[in-house]
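Presented below is the structure to which this report refers.
Here the structure is a predicted model, which is why all the values come from computation and not from measurement. Indexing begins at 1, ligand by ligand and atom by atom, following the structure's order. Any value given below was found using the heavy atoms of this structure, including those in side chains, with hydrogens, waters and symmetry copies removed.
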Amino acid sequence: MVILGIESSCDETAVAIVRDGRELVSNVVASSMDQHVIYGGVVPEIAARSHIEVIIPTVDEALRQADMTWDDIDGIAVTYGAGLGGSLLIGVVTARTLALTFGKPLYPVNHVEAHVYANFLTVSDVPAVSARSEQPAFPMLAIIVSGGHSQLALFQDHGTYELLGQTQDDAIGEAFDKVAKILGLPYPGGPSIAKAAQEGDAYAYSLPKAKMSGEYDFSFSGLKTAVLRLAQQLIGEDFTFPSFKLAERLTEKQKVDIAASFQRIAIETIVGKALLAYERYAPASVVIAGGVAASQELRRQLLESLPSPIEFPDFKLCTDNGAMVATRACFPLKTADPFSLDINPNLSM
Ligand code: KG4
Ligand code: ZN
């Protein structure tokens with residue numbers, strides 16, 4: 001089964017072709033990130049306009065790189081939620097039109113679930129992307145960490161899972177992005193905090209870990225506020241000092257130390273809960289998914305803490321891509337009516 005997957009939930013317009021839920025045949029990602037950097041975050045209107053401009057060329061390029069025509073494609077998968085309404089709409093309308101035009105089944109894919117499926121690719125024909133050596137086994141513990149989600153889920157099978165816990169406020173990626181803003185580091189915050197943290201002392205400052213009522217739940221909003229208060233205190237100002245003026249008053253040393261300390265604590269929060277779930281449920285495999293799965297600190301702490309060996313997805317498959325969407329649709333999934341599939345910006349797992 002050969003599936004063409006379309007992802008457009010945020011600022012990446014991404015299309016990929018996957019065979020049998022294992023083999024990545026082509027993978028094209030066009031990002032409008034460079035247009036959002038000056039605003040310090042994704043601007044929905046700019047993202048949607050960019051999707052309109054590049055989505056058809058991106059589909060064509062995925063087919064070209066795969067050396068395939070529509071005759072070779074068995075189905076079209078598309079992210080229909082969660083995400084930005086305007087962005088999702090471009091992908092869904094494109095997929096519906098292509099499904100009708102070429103007479104292909106249409107598979108509606110949940111974005112967060114899709115992130116998990118980046119872990120099922122075991123063959124890559126795409127030179128810049130490597131794949132895992134084997135598919136994860138069930139029951140599978142999924143650590144889902146992205147800009148919009150922080151969840152621990154236990155998958156018994158494809159499409160059958162239990163949400164063990166989740167963030168009660170900000171997602172972990174969102175916390176990276178907000179702390180980066182306080183420190184005057186560029187968007188997206190994950191990579192720029194990771195870079196700054198390399199120069200810093202991860203034990204320079206102690207920051208709080210929230211106590212949650214749900215055993216596997218987390219919170220990142222308090223940690224972000226603690227960073228804000230720490231920065232205000234370091235420059236000798238009180239809590240009324242505006243966050244956007246902090247970066248210019250902090251020294252380089254203070255910034256890298258805050259970045260390293262924040263990164264350590266944020267990742268420890270996730271890894272601590274994942275370890276609890278691992279001990280309780282004894283899963284046959286553990287996977288990480290979402291943009292923050294690209295974090296080297298997360299990989300380091302997981303390797304150090306989890307008793308079982310863990311394979312990580314290629315960095316290019318951690319952030320948004322069409323491959324994960326296509327892969328999800330290679331496993332049992334209900335098709336949608338191409339005349340009526342609608343977006344669901346608030347879709348949950
Ligand atoms: O999954 P994703 O591409 O988009 C969403 O579905 O949200 O995740 C984007 C998030 C951003 O918040 C970004 O700061 C974070 O992933 N991120 C990282 C790293 N690379 C990207 N966070 C920590 N460390 C990284 N190396
Ligand atoms: Zn994502």
Side-chain angles (χ1 to χ4, degrees), residues 5-14 16 27 29-33 36-37 40-42 44 47 78-84 87-88 91 109-119 142-151 166-167 170-183 185-198 200 202 220-221 223-224 259-260 262-271 287-302 312-325 327-328 345-349:
I6 299 177
E7 156 63 40
S8 73
S9 65
C10 191
D11 60 315
E12 270 98 13
T13 316
N27 187 51
V29 181
S31 175
S32 58
M33 181 60 80
H36 305 285
V37 170
V42 173
V78 65
T79 301
Y80 74 107
L84 300 170
S87 290
L88 288 165
V109 172
N110 178 319
H111 180 80
V112 182
E113 250 185 82
H115 268 299
V116 174
Y117 279 78
N119 289 285
I143 306 167
I144 302 163
V145 279
S146 76
H149 304 268
S150 307
Q151 295 167 330
Q166 59 185 328
T167 183
D170 292 354
I172 181 168
E174 196 180 345
F176 270 87
D177 296 337
K178 287 177 176 170
V179 167
K181 220 168 187 174
I182 294 173
L183 300 180
L185 301 172
Y187 181 84
S192 48
I193 289 214
K195 191 160 166 243
Q198 282 177 354
F220 290 101
S221 165
L223 177 57
K224 172 207 66 191
F262 160 76
Q263 178 178 254
R264 175 179 63 84
I265 296 287
I267 299 292
E268 273 178 18
T269 304
I270 292 282
V271 172
V287 299
I288 56 171
V292 183
S295 164
Q296 293 283 9
E297 175 66 9
L298 176 61
R299 292 170 183 229
R300 188 189 67 72
Q301 286 195 27
L302 279 175
F312 300 103
D314 187 285
F315 289 109
K316 289 208 170 61
L317 299 176
C318 290
T319 45
D320 293 349
N321 62 80
M324 63 190 198
V325 178
T327 306
R328 172 64 191 94
N346 300 315
L347 184 67
S348 59
M349 269 188 85

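Contact of the V325 side chain with the I6 side chain is not registered, since no non-hydrogen atoms from C-beta on lie closer than 4.5 Å. Contact of the F315 side chain with the Q296 side chain is registered, since non-hydrogen atoms from C-beta on lie closer than 4.5 Å. You'll find the side chain of L317 stays beyond 4.5 Å of the side chain of N119, heavy atoms only. Contact check for K224 versus F262: no side-chain heavy atoms found under the 4.5 Å cut-off.
For H115, a nitrogen or oxygen atom sits less than 3.5 Å from a nitrogen or oxygen atom of ligand 1, counting backbone and side chain alike. Residue E12 has no nitrogen or oxygen atom sitting less than 3.5 Å from a nitrogen or oxygen atom of ligand 1, judged on distance alone. Where the criterion is an N or O separation shorter than 3.5 Å, residue side chain and backbone included, C318 fails it with respect to ligand 1. Residue contacts with ligand 1: G190 is placed with a nitrogen or oxygen under 3.5 Å of a nitrogen or oxygen of the ligand (distance criterion only).
Residue D177 touches ligand 1 through its side chain alone, judged by heavy-atom distances below 4.0 Å. Neither the backbone nor the side chain of E297 comes within contact range of ligand 1; no heavy atom lies under 4.0 Å.
Heavy-atom proximity to G173, at under 4.0 Å, picks out these atoms of ligand 1: 12 (O). Atoms of ligand 1 found under 4.0 Å from any heavy atom of G148, numbered from 1 in the order shown, are 7 (O). Interface of P191 with ligand 1, defined as ligand atoms under 4.0 Å from a residue heavy atom, comprises 19 (C), 20 (N), 21 (C), 25 (C). Interface atoms of ligand 1 facing T319, defined by a heavy-atom separation under 4.0 Å, are 3 (O).
Under the 3.5 Å distance criterion, the side-chain polar atoms of N110 are left unmatched by any main-chain donor or acceptor of A82. Under the 3.5 Å distance criterion, the side-chain polar atoms of D320 are left unmatched by any main-chain donor or acceptor of S8. Between the side chain of S192 and the main chain of P186, a donor-acceptor pair closer than 3.5 Å is present. Not a single donor-acceptor pair under 3.5 Å links the side chain of T327 to the backbone N or O of A118. Panel note: side chain D177, backbone P188; no donor-acceptor pair is recorded below 3.5 Å. Side-chain atoms of S146 do not come within 3.5 Å of backbone N or O of G290 as any donor-acceptor pair.
From the protein, the heavy atom lying nearest to atom 10 (C) of ligand 1 is G147 N, 3.5 Å. Nearest non-hydrogen protein atom to atom 2 (P) of ligand 1 is D320 OD1, 3.5 Å. Among protein heavy atoms, atom 15 (C) of ligand 1 sits closest to V292 CG2, 3.9 Å.
Put simply, no part of Q296 is less than 4.0 Å from ligand 1, judged by heavy atoms. In this structure, C10 does not count as a contact residue of ligand 1, since none of its heavy atoms falls inside 4.0 Å of the ligand. At least one heavy atom of H111 sits under 4.0 Å from some atom of ligand 1.
The set of protein atoms (N, O or S) found at less than 2.8 Å from the Zn ion (ligand 2) reads H111 NE2, H115 NE2, D320 OD1, by chain and number.
For F220 and F176, the ring centers are positioned 6.0 Å apart or more.
Side-chain contact of H149 with Q166: a donor-acceptor pair under 3.5 Å is absent, judged by distance alone.
Remark: R328 fails to qualify as a cation-pi partner of Y80 under the 6.0 Å distance and 45° angle criteria applied to the six-membered ring.
Among I144, T167, V145, I143, the one residue that satisfies the side-chain contact (heavy atoms from CB on, under 4.5 Å) test with Q151 is I144.
Of all the listed residues (G291, P188, S295), G291 holds the heavy atom that lies closest to atom 20 (N) of ligand 1.
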